[in-house]
Amino acid sequence: MRRVRTTARLAAALVAATPAIAVVIAGAEVAVRAPGDTAGMARTEPVLQTFDLAESGMRLASARSGTAPRAAGLAREASTPRTAELARRTTAPFSLVGVTWADPDSEPKGAIEVRTRRLGADTWSSWRLLETDNPDASDGGPGVRGSSDPLWVGPSDGVQARMIATGGAALPTGLRVDLINPDAPETEQPVRMAPAAESHEAAAAARSGETTTMAGRDGTGRKGKRPKTGRGSDNPGKAADEPVVLPVRPVPRLVTRAGWGADEAIVKEPPMYTGAVHIVFVHHTASGNGYDCAESASIVRGIERFHVKSKGWNDIGYNFLVDKCGRIFEGRAGGVHRSVLGAHTLGFNANASAVAVIGDYRSAPIPAAARASVAQLAAYKLGAWSNPPLGKVGLVSGGSDRFPAGRTALLNRISGHRDTGRTECPGNALYGQLTAIRAAAGAAPAGLRMRGVNGAAVYDGKYYTRGAAGPAWDLSTPTRMMDRFEVLVDGRLSAAAPSGHRQAAVRLEPGEHKVTVKAVHLSGKVATAAAEVVVDPVAPEFGESPLVTLREGAVGVSAPIRLGWAATDTSGLKSVRVRGAVSENLSGGTRRFAGTARLGDPSTWAVTATDRAGNSASTTVTRTAVLSTEAGATRTGTWRTVRDQRYLGGEAVAGSTAGASLTWTFTGTSAAVVASRTAASGRVRIYVDGEFQGIVDLRSANERHGQAVWTRSWRGSATHTVRVQAEGSTGRPSVVLDGLVYLR
């Protein structure tokens, strides 16, 4: 055993000392140089550097010469593992390293490890194992190579690699280390690609006369038909029968190929398209987790160049990539909203989309931000084709190491790479999170509720408006998971709003309506919330002018009055505002208001009624309160003048003889008898236009003077006669009269 190890070390030393050939591809140029040519490295910034892994280890001379080996030699050769090594060497700058081999259908039987030296440092990293269980996912073709997953190591300028085959297995032919510099200058003169053939579905749609909305990276493929609508519009100025156009299906916020610096010149063929996306495969890049998210664009560039320049593919294999911070990157070219044929899942690339999470998630779960982005992408791609993310689908394999060609595999709509191939991808930890990703991608909108209706007032659970209404809503589902919102009036589409909006505008016809907000998830699932909306464009009506009447109470510089009105409305009154000597805001159910009118001056009151929809109507009335003193009355019987500042004008008359009376004649709409109330006051009899009206007892425990003790009102103004007669009550016959107040 010691001899074998010694021989291996000697062989490794020989390899290190031998000027093995390294191929450097700088942009579109290919240069061949010796690996020790550091001056050449200083002059260039190559995109790709390749170094052969030379086979080392003990070999029997008889095996090389073709003579029969001794039995002992055969035993030693069988027990000696085949190894290939690349000795430590200085290189041009690179950040991504992988190992490739000639046959894309072969899988190395053994471990491939690399170690690197950070740029500008003297120390080397520990040995790191490359993941090699992912078979070539392309359809093959000239120049396609098998490969490990690439490893992100950050800016470096030194590499060492080794492979040890297990079980006596042979080493892959053409084994080499590939170093990618994603920050090397991009190739000039991008290749212009001719348009690719459309999918069968798109071609059929074109033949049938349907148009497909293609809005570049902001489009989704939602068909451009305008749905039939009923009354209403998303713009109050539109005609009621104008059709509503649904918002464009939102594309997840992402870094475009131009944004991450894709080298379009190395993509030689136009993209190919398949049919509806039935499944989304989740991968991890196995490129390591020790990166900063500021490096993500460089990592994606490195993966693109590794896939194209090292593996021989036409473009980056994944349709999308997501970094650990949740940022989404556009992958393979062709349109994020379209069904682009990728190279990601052997035997199942057609009618599928793939998202790769940047990093190694065999033991570390992806962060919540990345998980949310994967769910969003899955819902976006599957929902666009009305395929439920929580469902399953049977797909016919094109041939993989798990499902032979022609066999149907029953798969979750969101599956891991390992579900179709014998691979660790996307890692145990990430694979365990797929249940939560499916739940988020396939959920219905949650927590949808009507927040109100802008331009409308709520009463008893209903909203009242004059016509224009703006239903407003809230929900707990993040905006990134939403497709759109639709507003239906009595079951018919009337408006639509993009996923980020939380209100819309509709114009409704008079009457009562059911306004429903339908929230549409990217997955296609919906939730609804509804409100009853009453449209009332008609203002309240006053049947008659307000009625102003005198009421009982103290008379001084002003007389107490009561204002009454009658207003009707189909939807009910919300409020009433009275403006006069003072202003008052009253509830809609109020029909009377108590106030005062200054004696001798015209008083005007304005009454404004507002209904629940916000319509208003106003009316006014003007009256003058006039005082006719006792001196202006016609007297019968015995009355004496009494003087006190508590009486109106400082004087009043007192009488105690039964039948003594005071009579006033006036023209007006309301009248009030003014008298004093004391503990010794008696009673009086009231007559209007000769007709007896009743008896008023002026007795009161609290002495009060200048009181309106009796009133009478009429709708119209007319001439009336009021006579007040002392009754001569036993034990308290005296009464004090202070005049008559009337309104004209």
Side-chain angles (χ1 to χ4, degrees), residues 211 213 215 218-251 379-380 383-384 386 444-459 461-537 571 612-615:
T211 60
T213 302
D218 296 324
T220 62
R222 173 179 288 151
K223 291 186 177 179
K225 289 183 176 180
R226 292 179 171 180
K228 296 180 180 179
T229 65
R231 296 168 295 180
S233 166
D234 60 346
N235 184 335
K238 290 185 178 181
D241 58 350
E242 185 174 345
V244 175
V245 179
L246 297 179
V248 173
R249 182 175 168 84
V251 176
Y380 169 71
S386 301
L448 180 66
R449 67 177 185 88
M450 292 291 289
R451 179 162 45 87
V453 177
N454 297 329
V458 64
Y459 177 80
K462 294 183 179 181
Y463 293 90
Y464 293 82
T465 177
R466 285 175 286 183
W473 58 88
D474 283 321
L475 77 168
S476 55
T477 297
T479 294
R480 67 184 301 178
M481 299 303 297
M482 297 303 300
D483 181 348
R484 67 186 184 277
F485 296 94
E486 299 175 8
V487 179
L488 295 88
V489 176
D490 301 326
R492 304 181 70 181
L493 182 64
S494 293
S499 59
H501 289 207
R502 295 296 180 268
Q503 63 183 30
V506 293
R507 183 169 292 279
L508 307 174
E509 294 179 359
E512 189 166 339
H513 302 278
K514 183 178 182 180
V515 177
T516 302
V517 173
K518 182 168 74 172
V520 184
H521 195 274
L522 281 176
S523 67
K525 286 191 175 182
V526 301
T528 60
E532 297 294 327
V533 180
V534 178
V535 178
D536 175 13
S571 62
R612 292 171 185 148
N615 303 294

Any His513 side-chain heavy atom under 4.5 Å of Leu488 side chain = no

Given side chain to side chain contact (heavy atoms under 4.5 Å, CB included), test Val487 with Val244 step by step and report yes or no.
-> CA-CA 10 Å; Val487 179; Val244 175; over 6 Å; no

Could you tell me which non-hydrogen atom of Arg249 sits nearest to which non-hydrogen atom of Ala384, and how far apart they are?
-> NH2-N, 3.1 Å

Non-hydrogen side-chain atoms of Val533 and Val506 separated by less than 4.5 Å = no

Can you name the salt bridge (charged side-chain N to carboxylate O under 4.0 Å, His left out) partners of Glu532, sequence neighbours left out?
-> none

Counting only N and O atoms by type, is there a donor-acceptor contact under 3.5 Å from the side chain of Thr465 to the main-chain atoms of Ala613?
-> no

Answer yes or no: is there a donor N or O on one side and an acceptor on the other, between the side chain of Arg612 and the main chain of Ser571, under 3.5 Å?
-> yes

Answer yes or no: is there a donor N or O on one side and an acceptor on the other, between the side chain of Arg484 and the main chain of Pro250, under 3.5 Å?
-> no

Nearest heavy-atom pair of Leu475 and Pro445: which atoms, and what distance?
-> CD1-CB, 3.9 Å

Which atoms form the tightest heavy-atom contact between Ala505 and Ala495, and what is the distance?
-> O-CB, 3.8 Å

Taking side chain as C-beta onward, heavy atoms only, is Val535 less than 4.5 Å from Arg466?
-> no

Does Tyr464 have any ring pair (Phe, Tyr, Trp, His ring centres under 6.0 Å) partners at least two apart in sequence or in another chain, and if so, which?
-> none

Do Gln503 and Pro471 come within less than 4.5 Å of each other through their side chains, counting heavy atoms only?
-> no

Return the set of residues passing side chain to side chain donor-acceptor pair (under 3.5 Å) with Lys514 (not counting sequence neighbours), or none when no residue passes.
-> none

Got a sec, which residues hit side chain to side chain contact (heavy atoms under 4.5 Å, CB included) with Arg480, two or more places apart in sequence or on another chain?
-> Ile328, Ala372, Ser373, Gln376, Pro478

Considering only distance and modelled atom types, tabulate donor-acceptor pairs under 3.5 Å from the side chains of residues 518-528, sequence neighbours left out.
unit_1, atom_1, unit_2, atom_2, d
Lys518, NZ, Glu486, OE1, 3.3
His521, ND1, Ala443, O, 3.4
His521, ND1, Ser523, N, 3.0
His521, ND1, Ser523, OG, 3.0
His521, NE2, Ala443, O, 3.4
Ser523, OG, Ala443, O, 3.4
Ser523, OG, Lys525, N, 3.3
Lys525, NZ, Gly442, O, 3.2

Under the side chain to side chain contact (heavy atoms under 4.5 Å, CB included) test, which residues partner Arg449, sequence neighbours left out?
-> Arg451, Asp474

d(Arg492 CZ, Thr516 OG1) to nearest 0.5 Å is 14.0 Å

Flag the pair Leu508 / Val515 as yes when at least one side-chain heavy-atom distance between them is below 4.5 Å, and no otherwise.
-> yes

Tightest non-hydrogen contact, residues Tyr463 and Ala456, listed as CB-CB, 4.0 Å

